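When a residue number appears, it is its place in the shown sequence, counting from 1. As the structure is a computational prediction, the values presented were derived from the model and not from experiment. Every number for a ligand or one of its atoms is a count from 1 in the order of the listing.
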Amino acid sequence: MTQHFAQRMQAVQPSAIGELLALGADPSILSFGGGYPDASLFPVAQLETVFREAIRQPGGSALQYAPSDGLPRLREQIADLMRADGTPCRAQDVLILQGSQQGLDFAARMLVDPGDVIVTEDPTFLGALIAFNPSQPRYAAVPIDNDGMQMDGLEAALQANPRARMIYTVPDFQNPTGVTLALPRRKRLMELANAHDVIVLEDTPYRHIRFTGESLPTLKSMDTDGRVIHLGSFSKVLVPALRIGWAVAAPALLDRMGLLKVAADTQTSTLNMAATSLFLDRYDLGAHIALLRQAYRAKKDVMLDAIRQHFPQEVTVTDPAGGLFTWATFPEGFDATAFMRDVALPIARVAYVPGASFFPVTQRANHARINYSAATEDQIRQGIAALGAALKSHPFP
Ligand code: PMP
């Protein structure tokens with residue numbers, strides 16, 4: 001049979017790191033690669049209770065088809081959470097998604113024609129690039145520092161790209177770097193988006209995993225023009241397997257995303273929506289999140305202490321105020337992909353994610369994303385010591 005794929009499939013390719021990460025799945029390898037929450041912190045007993053209750057709901061309602069926008073009660077509860085977090089929101093402003101990943105896919109499909117520009121952070125979340133690529137965008141990547149996306153870089157990117165259709169940002173504890181967009185930059189980003197009439201896609205799965213300081217206002221809360229699509233998710237604060245995320249956006253945008261939802265999968269799992277809704281009614285999500293913050297902050301501290309102790313001086317890492325990742329910068333000329341293949345996996349028996357694939361335009365080899373949420377504190381100490389020893393035994397170029 002002759003296979004005739006659509007043009008867009010040219011941009012749909014296995015990621016270069018897939019193979020490496022598959023090696024990291026070997027149980028004898030300690031992986032700092034994935035973005036997995038700590039499974040020992042999953043609220044298993046509570047989930048068991050609410051799933052049992054949902055299955056038994058009168059009329060089999062949690063086992064039935066449901067509205068494609070999501071269960072009304074869950075949309076209300078999410079609107080409550082959004083308002084408690086300082087973002088004006090009504091139930092009808094919420095579209096339930098199959099994980100926030102689905103919102104990335106819908107946003108690009110709704111807004112981006114082949115050749116249109118998506119402005120991203122440089123580096124940015126790899127899963128977003130994977131979701132955007134079938135829409136055949138070009139990327140304008142804006143440098144970041146410890147305060148997130150640099151605003152002069154954003155301004156230059158918008159000026160240089162009149163066909164920019166959206167600015168994609170992970171403002172809180174970014175994946176992969178862990179940095180957070182500072183308040184003055186949030187304000188400036190919205191000014192620039194308004195001036196250039198560009199949609200803002202605000203992706204916030206880590207927002208509530210904050211270790212220190214106060215939450216900064218969401219971009220959505222500063223949106224005077226209905227141009228921010230805000231994405232949220234229960235993956236990191238409850239469990240990823242629920243696959244419950246959401247979008248909050250103005251009706252003109254949300255309605256069209258709702259049409260794409262029907263096309264994609266009709267609706268998110270009724271059972272998972274019903275169980276999540278019952279969880280929010282029965283239990284204290286805030287208390288659970290407080291526990292996660294404490295546990296992940298402790299792990300982050302253990303990892304950064306171990307890195308300071310064991311890594312060569314030349315390696316710098318970010319000190320995130322929340323989220324699941326730190327981002328390592330090695331000296332120029334160091335290839336984190338080759339080092340992982342040749343040394344980290346076979347000798348140190350440790351995996352991380354080489355940084356190159358997080359760069360949408362010009363890949364830079366001398367970075368790594370290192371996750372501290374999945375491993376135990378002892379594993380973190382041992383794995384970082386092994387990685388540090390391996391780095392020290394291979395002098396930098
Ligand atoms: N956005 C970012 C920045 C992420 O890191 C992730 C998951 N790691 C997602 C979106 C998707 O999350 P989910 O679909 O599980 O809600």
Those protein residues which place at least one heavy atom below 4.0 Å from ligand 1: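 Close residues (ligand 1, cut-off 4.0 Å): G99, S100, Q101, F125, V170, N175, D203, P205, Y206, S233, S235, K236, R243.
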
Distance, nearest 0.5 Å, that separates NZ of K236 from CG of D38: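 Between atom NZ of K236 and atom CG of D38 there are 13.5 Å.
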
Donor-acceptor side-chain pairing of T326 and T318 below 3.5 angstrom: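 Looking only at side-chain atoms, T318 and T326 do form a donor-acceptor pair, the distance falling under 3.5 Å.
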
Partner of T204 by side-chain contact (heavy atoms from CB on, under 4.5 Å), out of D85, T87, D172: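 Going through D85, T87, D172 one by one, the side-chain contact (heavy atoms from CB on, under 4.5 Å) with T204 is satisfied by D172 alone.
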
Aromatic contact, F339 with F334 (centres under 6.0 Å):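 Yes, they do, as the ring centres are separated by less than 6.0 Å.
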
Charged N-O contact under 4.0 Å between D105 and R109: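 Result for this pair is yes, salt bridge flagged.
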
Heavy-atom donor-acceptor pair, S135 side chain to P137 backbone, under 3.5 Å: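 No: the side chain of S135 does not pair with the backbone of P137.
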
